[in-house]
There are 2 protein chains.
Amino acid sequence: MKREDRKQAIMDLLVSNGAVDLDDLAQRFTVSKMTIHRDLDDLETAGVMRKIRGGGTIDAGTQFESDFRFRAQQDRDAKNAMAETALTLIEPGMTVMINDGSMAATLGARLPERRPLTVITNNAAILESLKNETGITLIATGGVYSAKFNGYFGMMTEAALTALRADVAFISAPAVSGLEVFHMNETVVRAKRAMIAAGAKTYLLVHHNRFGRTALHKLADLSEFDAVITDAKPDADSLTAIDQANLKLTFAVTQGIKST
Amino acid sequence: MKREDRKQAIMDLLVSNGAVDLDDLAQRFTVSKMTIHRDLDDLETAGVMRKIRGGGTIDAGTQFESDFRFRAQQDRDAKNAMAETALTLIEPGMTVMINDGSMAATLGARLPERRPLTVITNNAAILESLKNETGITLIATGGVYSAKFNGYFGMMTEAALTALRADVAFISAPAVSGLEVFHMNETVVRAKRAMIAAGAKTYLLVHHNRFGRTALHKLADLSEFDAVITDAKPDADSLTAIDQANLKLTFAVTQGIKST
DNA sequence: AAAAACAACATTATATTTGTTATTTTGTTA
DNA sequence: TAACAAAATAACAAATATAATGTTGTTTTT
């Protein structure tokens, strides 16, 4: 097992348990404590966890859990599956709009599979990954950089989006409750709204365990989207609400795609 | 001598001679021809030169010479010296505007020395290097990405700049002739002009050997700038013209700074 | 006082760089 | 255009550099 794999495994344990024990990790991976110390130091420097005496923690509910560097490590399989599904909705030649977030970044990195494309985004990770791709006309919205969301936001971003139109817009969100979509940050909400308004077709990308949650600001109604892409069946209540409203839910699974 | 140093040295030879000979390089660095082959392959992949039978060339006047990856390798000492001088014009708390180009990128990377700052730029290299800096409010203009200039340009960029103001704007340019400043690309010229208009103070950064040259599009008059920063005395004709017009020329030298 | 964290060094493992040799390609010219 | 020589490439082996890990001894924390 290589160092990077071990660090990823520690991340997984942190995600599921919220904390890890140093002695336990050393035993589990059959390496010395010193090595685990160094792993944890790295992860701490990267800003994805905090070292405490005898181990480490992600301090659920604090800055760490909402940091993009942490979120980028989570649920990679689910994100890849959703990206796979989203790609089927994209045809070469289209103008694609794509928002902030690590889900969007996963999709963004795979957009070259459908080139040529025009890609509009405020997502710094996507700008970086598409810069050197040929056949991609890359348009940045501009705005004030947010280290927390690794993207560009604010009045400038919204103004730029007002003047643009896309064939398809992909919006990701951390919370869906009933028939409403939520996000914790007002500035981010405004950028996402502007993108929804600018897309001829709009698709929502949500991890299945984000159904039944809310956040401070309402982002949109589910009915504003042409389809919702998720990675597995959400809880029963959400499913019922969606069915009754006659909305389309698309499931992306690692071994293929099925749809209702 | 390490590989990277040798490649830089090959770049220097390419800049001064326009071409290099494979056998000569192998002898000069006392390595095998195979090693030189690999160096040249790397440089070619990076897009900074072209391999030809028996050696390599930069094909002066072609795409290669104007490619940002190539330019970024050139005159690093001069660029650092000019950046040093430019930094003396920046006070903590200011809003700094800074344009595309490798000279600007060199300065951009050192802006944290004057934090806190607000930095407005369309330069992708600067966005990347300042993203993770605290105390820097980073604003991207947005626009269409240009791989050739490694920045964002176009109507969006110009519109965004129209709505912004900065305490100081740093403009770089590849050609100054008489009392006029030039650039080969119209779109780039428009972005630079918008920045000049948006800066309370504006400074021009030019390598001394770029005096006495022209390019297709006029960018500005020298008199529009509060000062011109360069790395050494330009040719006599340019110097005379500048003196007669009573403009300020600031010399940045590696061992310190002197000014006229 | 005991446990954990840290620092410094030694050791091992991995990755990178380089050279050698054999093979293929390219350009030249008879 | 056939044949040759030079150059380029590919494949492997050797050397070098870098990264990862463990050990030991010291310092810090509880």
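Throughout, a chain's letter reflects where its sequence line sits, starting with A, and its residues are numbered from 1. Here the structure is a predicted model, which means the values were calculated and not measured.
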Hey, is the main chain of B/F149 close enough, under 3.5 Å, to the side chain of B/S146 for a donor-acceptor pair?
yes
Would you call B/D100 and B/K192 a salt bridge, taking side-chain N to carboxylate O under 4.0 Å as the test?
yes
With a 4.5 Å heavy-atom cut-off, do B/T137 and B/L117 have their side chains touching?
no
A/L40 CG to D/dT21 P, in whole Å, measures 13 Å
Please determine whether a side-chain nitrogen of the Lys or Arg among B/E44 and B/R50 lies less than 4.0 Å from a carboxylate oxygen of the Asp or Glu.
no
Might you work through the salt bridge (Lys or Arg N to Asp or Glu O under 4.0 Å) test for A/E133 and A/R115, ending with a clear yes or no?
CA-CA 9 Å; A/E133 295 292 336; A/R115 74 183 118 199; 3.1 Å; yes
D/dT21 C1' sits how many Å from A/F29 CZ, rounded?
15 Å
Take the protein atom CE of B/M34 and the nucleotide atom C1' of D/dA14, then report the distance between them rounded to whole Å.
16 Å
Which residue lies toward the 5' end of DNA chain C, A/D41 or A/K2, if each is placed at its nearest nucleotide?
A/D41
Among B/R28, B/R3, B/K33, B/K51, find the one that has a salt bridge (charged side-chain N to carboxylate O under 4.0 Å, His left out) with B/D39.
B/R3
I need the NZ-C1' distance between A/K7 and D/dT21, as an integer number of Å.
14 Å
Has A/N123 got a side-chain atom pairing as donor or acceptor with A/I98's backbone, closer than 3.5 angstrom?
no
Leading and trailing nucleotides of DNA chain C with any atom under 4.0 Å from heavy atoms of chain B:
C/dT17 to C/dG27
What one should report as the nearest heavy-atom pair of A/I58 and A/V48 is CG2-O, 3.9 Å
Could you check whether any side-chain heavy atom of B/M82 comes within less than 4.5 Å of a side-chain heavy atom of B/T106, counting everything from C-beta outward?
no
Under 4.0 angstrom between B/K51 side-chain N/O and D/dT9 OP1 or OP2
yes
In whole Å, what is the span from the CZ atom of B/R6 to the P atom of D/dA17?
12 Å
Report yes if a side-chain nitrogen or oxygen of B/R38 is closer than 4.0 Å to either non-bridging phosphate oxygen (OP1 or OP2) of D/dA8; otherwise report no.
no
Using OP1 and OP2 only, check whether a side-chain N or O of A/T35 sits under 4.0 Å from D/dG22.
yes
Partner nucleotide, any strand, of C/dA30 [Watson-Crick/G-U, under 3.5 Å]
D/dT1
Table of protein N/O atoms under 3.5 Å from nucleotides 3-7 of chain D N/O atoms:
from, atom 1, to, atom 2, distance (Å)
D/dA7, O3', B/G54, N, 3.3

